[in-house]
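Worksheet: one structure, shown below.
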Amino acid sequence: MRLRAMFPLVLLGALACASSDGARHETVTRVDVSTGAGTVVVSEVRDQPGIAVHTLPFPPDSVWRVLPRVYDLLGIEGAGEVPGQRLYGARNFRPRRIEEQRLSTYIDCGMGTTATPKADEYAVTMTLVSRLDSAPDGGTRVETVMQATARPRATAGNPVRCPSTGRLERRVADLLALVLESSS
């Protein structure tokens, strides 16, 4: 399955922010709000996508062949590839759970009024993308980016940004290794 034409640009932009040490980078957006009394409040919205880099001791072609299977094992629907770029993922999918785990395992959207994680109560929209590159030692460098937002299901409301806990990106790498080791 091929992803939308704009998908490669969005994904490459997100992945370009990643450094080789796996550090996370944030985007700062300035927001100006008029209060109605002529006062303008200046605020900054900080968004830090979940970016993780893992190196696997398998050649890139082998990892590329099993990457779709890993996304299937995670239950991520609508995944596809960007041909020729070793870029695979799903954009704007709406999971209820991932591998039968609550979404709060993988993202932090804050707590609701009943002290329940918003990730488990709100409608979550997520993007998860993995890019493969050759590692200097002959292995594969797997760079996975995850971004998510959530909105209340029952009422109107603005989306809440949901930073990654890092567990889903790690799970992608772990499943890749597991599938590759079992097929060796």
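As the structure is a prediction and not an experimental result, all values here were calculated from the model.
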**Minimal non-hydrogen separation, E77 against F93, with atom names** = O-CB, 3.8 Å

**Asked** Shortest non-hydrogen contact from I107 to C109?
**Response** CD1-SG, 3.7 Å

**Message:** Tell me whether L175 shares a hydrophobic cluster with L103, the cluster being built from Ile, Leu, Val, Met, Phe, Trp, Tyr side chains joined at under 4.5 Å.
**Reply:** yes

**Request:** Return the minimal non-hydrogen interatomic distance between T55 and A135, and the atom names on each side.
**Result:** CG2-CB, 3.8 Å

**Message:** Would you say T125 and N92 are linked by a side-chain donor-acceptor pair, where the criterion is simply a distance under 3.5 Å?
**Reply:** no

**Prompt:** Do E143 and S130 have side-chain N/O donor and acceptor atoms under 3.5 Å apart?
**Reply:** no

**Asked** Do the side chains of Y122 and I98 join up, straight or via other hydrophobic residues, at under 4.5 Å, putting them in one cluster?
**Response** no

**Message:** Applying a strict under-4.5 Å side-chain criterion to I, L, V, M, F, W and Y, I'd like to know whether V172 and W64 cluster together.
**Reply:** yes

**Asked** Looking only at heavy atoms, what is the nearest atom pair of K118 and G112, with distance?
**Response** CG-N, 3.8 Å

**Message:** Other residues, nucleotides and ligands only: do more than 12 of their heavy atoms fall within 6.0 Å of CZ on R97?
**Reply:** yes

**Item:** Same apolar cluster: Y71 and L178, side chain cutoff 4.5 Å
**Value:** yes

**Prompt:** Do NZ/NE/NH1/NH2 and the carboxylate oxygens of D133 and R131 come within less than 4.0 Å?
**Reply:** yes

**S62 side chain vs F58 backbone, donor-acceptor pair below 3.5 Å** = no

**Message:** Are there over 12 heavy-atom neighbours, none belonging to N158, within less than 6.0 Å of that residue's CG?
**Reply:** no

**Message:** Please check: side-chain N/O of T140 versus main-chain N/O of V142, any donor-acceptor pairing under 3.5 Å?
**Reply:** no

